[in-house]
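Below is one structure, written out as structure tokens; the observations come after it.
Chain letters run A, B, ... following the sequence lines, proteins first, then strands; residues in each count from 1. Here the structure is a predicted model, which is why all the values come from computation and not from measurement.
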Protein chains: 2
Amino acid sequence: MSSKHFSELGDSASRVLDAAEGLIQQQGYNGFSYDDVARLVGIKKPSIHHHFATKAELAAVVAQRYTHRFRSELLIIEGRHAKATDRLLAYAALFEQRYTQDRGLCVCGMLGAEAASLAEPVAAEVQLFFRSNLDWLAAVIKEGQQQGLLRSSVKPAALAEAWHSAMQGAMVLGRGLQSDRGPAQVAKSLLATLLA
Amino acid sequence: MSSKHFSELGDSASRVLDAAEGLIQQQGYNGFSYDDVARLVGIKKPSIHHHFATKAELAAVVAQRYTHRFRSELLIIEGRHAKATDRLLAYAALFEQRYTQDRGLCVCGMLGAEAASLAEPVAAEVQLFFRSNLDWLAAVIKEGQQQGLLRSSVKPAALAEAWHSAMQGAMVLGRGLQSDRGPAQVAKSLLATLLA
DNA sequence: GTCTATACTGAGATAGAC
DNA sequence: GTCTATCTCAGTATAGAC
């Protein structure tokens, strides 16, 4: 089924992925069609099927590529920031960028909300996104506590869960309020309560 | 358009609302159909149209009734708990209940995520939900700070935003992870960092 | 790799009988 | 208030030519 990997894709397949990714962020899995993708890419509907036989496969590869890119951004953060507090803010900035551009949600946040209507391979990719985020955050927070930068009253894994939840929720809230206030603001507030 | 008010509805219209509410929590606005509702209620599709002419109107009334009920639950919390910390945990328990029943999302959280594909009257109802939540939370937190129960390093409105975001996000995260860990856990972690 | 053409299904919605 | 019947359109997907 989802044995396809995004690294093996050609140019127009990548453009299809770009379009689908944007549509999922904006409308969700149930809110976009092959025709929407086709219009954005500038080709016809059956050509989309040529690249991705089913909508589920398309979504799975979108999530897969999204997660891969996100993890590479986490690596960049590690290279750029030493302090845990700075890393947490840079993490929030990743979501903030996507949100402030066009109030786009995190691809996997949107898919997570829709999890009940997703095919299993798609849900599996989404799960990987969340796992890798929580692992990364927990490690950052643990370090921050050991460095004495963050309060140690709560376990790293629990704080990681809370931090990531706050980012996802901030975007949902911002959309619901039709507001430009995004996850960066929430991150700033939360970080103030976490400082040692 | 959405001049209809849920208090003026008869018995079977209420059953239609119940079904639609559950479907929105589970699949989202774009993920359910009039036929799904009809099957759940045990009547035929055109009968749904008799009660709610359009899908947008149905969703708007669902959101309206949901917000109304939610606010009444907030009043109950005020009557049952005096301390701000207890109120915050009871608030989280509202979401926890919905989540643990069948991993259902907050109706307005789901609709907020889908805001880009909602008709304006629906989006307006959703906005009211978030506003009333933030107002209530900010008041509770302000009191908690004045009572000396919560740290005062961050403004009540900002903490309210963070708290609510964390609840919404916790449910998205739980779904994405296919896990039963819900907003109550996140609330517990966050509260520990907020204690004075 | 892209197209036209087309199948098939389900969607939201209306007409009109009971 | 509920039904049958029907409309119209959009959705996913396939066949087969270029």
Side-chain angles (χ1 to χ4, degrees), chain A residues 1-2 4 6-24 26-63 111 114 116-122, chain B residues 1-4 6-24 26-63 111 114 116-123:
Chain A
M1 220 320 112
S2 169
K4 191 164 286 187
F6 69 90
S7 65
E8 300 160 341
L9 298 175
D11 229 47
S12 46
S14 294
R15 262 177 287 129
V16 169
L17 279 187
D18 293 340
E21 181 174 318
L23 285 164
I24 290 174
Q26 222 59 45
Q27 329 260 211
Y29 180 82
N30 289 321
F32 84 98
S33 72
Y34 265 44
D35 227 15
D36 296 329
V37 177
R39 267 189 292 269
L40 280 173
V41 176
I43 57 182
K44 299 291 175 177
K45 199 165 41 161
S47 308
I48 311 294
H49 280 284
H50 173 76
H51 296 291
F52 303 95
T54 67
K55 198 183 175 186
E57 188 189 331
L58 171 56
V61 180
V62 166
L111 293 176
E114 292 178 298
S117 26
L118 298 181
E120 204 283 315
V122 187
Chain B
M1 219 321 109
S2 167
S3 57
K4 191 164 287 187
F6 70 89
S7 65
E8 300 160 340
L9 299 176
D11 229 49
S12 48
S14 294
R15 263 177 285 130
V16 169
L17 279 187
D18 293 340
E21 182 175 315
L23 284 165
I24 290 174
Q26 222 59 44
Q27 331 259 225
Y29 181 82
N30 289 323
F32 84 99
S33 73
Y34 265 44
D35 229 14
D36 295 330
V37 176
R39 268 189 292 269
L40 280 173
V41 176
I43 57 181
K44 299 290 175 178
K45 192 164 54 157
S47 308
I48 311 294
H49 280 284
H50 173 75
H51 295 291
F52 302 95
T54 67
K55 198 184 176 187
E57 188 189 331
L58 171 56
V61 180
V62 165
L111 292 176
E114 291 178 297
S117 26
L118 297 181
E120 204 282 316
V122 188

Measure from [atom1] on [X] to [atom2] on [N] and round the result to the nearest Å.
X      : N       : atom1 : atom2 : value
E57(A) : dT12(D) : CD    : P     : 15 Å
Y34(B) : dT6(D)  : OH    : P     : 23 Å
H50(A) : dC18(D) : NE2   : P     : 18 Å
R39(A) : dT2(C)  : CZ    : P     : 17 Å
I48(B) : dA11(C) : CD1   : P     : 13 Å

Can you pull the side chain to side chain donor-acceptor pair (under 3.5 Å) pairs that have at least one residue in residues 33-43 of chain A, sequence neighbours excluded?
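Residue pairs with at least one partner in residues 33-43 of chain A: S33(A)-D36(A), D36(A)-R39(A).
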
With respect to the phosphate group of [N], does any side-chain polar atom (N or O) of [X] fall under 4.0 Å of OP1 or OP2?
X      : N       : answer
S12(B) : dT2(D)  : yes
S33(B) : dA11(C) : yes
H49(A) : dG1(C)  : no

Return yes if some donor-acceptor pair links the side-chain N/O of [X] with the main-chain N/O of [Y] below 3.5 Å, else return no.
X       : Y      : answer
K4(B)   : H51(B) : yes
S14(B)  : G10(B) : yes
E114(A) : Q27(B) : no
K45(A)  : V37(A) : no

Quick check: closest heavy atoms across V41(B) and V16(B), and the distance to 0.1 Å?
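Smallest heavy-atom distance, with atoms named: CG2-CA, 3.8 Å.
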
Near-strand residues of residues 14-24 of chain B, defined as heavy-atom separation under 4.0 angstrom from DNA chain D
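Going residue by residue through residues 14-24 of chain B, none turns out to have a heavy atom under 4.0 Å of DNA chain D.
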
Please enumerate all protein N or O atoms sitting under 3.5 Å from an N or O of nucleotides 3-6 of chain C, with distances to 0.1 Å.
from	atom 1	to	atom 2	distance (Å)
dC3(C)	OP2	K44(A)	N	2.5
dC3(C)	OP2	S47(A)	OG	2.9

When we call it a touch if two heavy atoms are under 4.0 Å apart, what does F52(B) touch: a base, just sugar-phosphate, or nothing?
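Nothing: the residue F52(B), judged by heavy atoms under 4.0 Å, touches no strand.
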
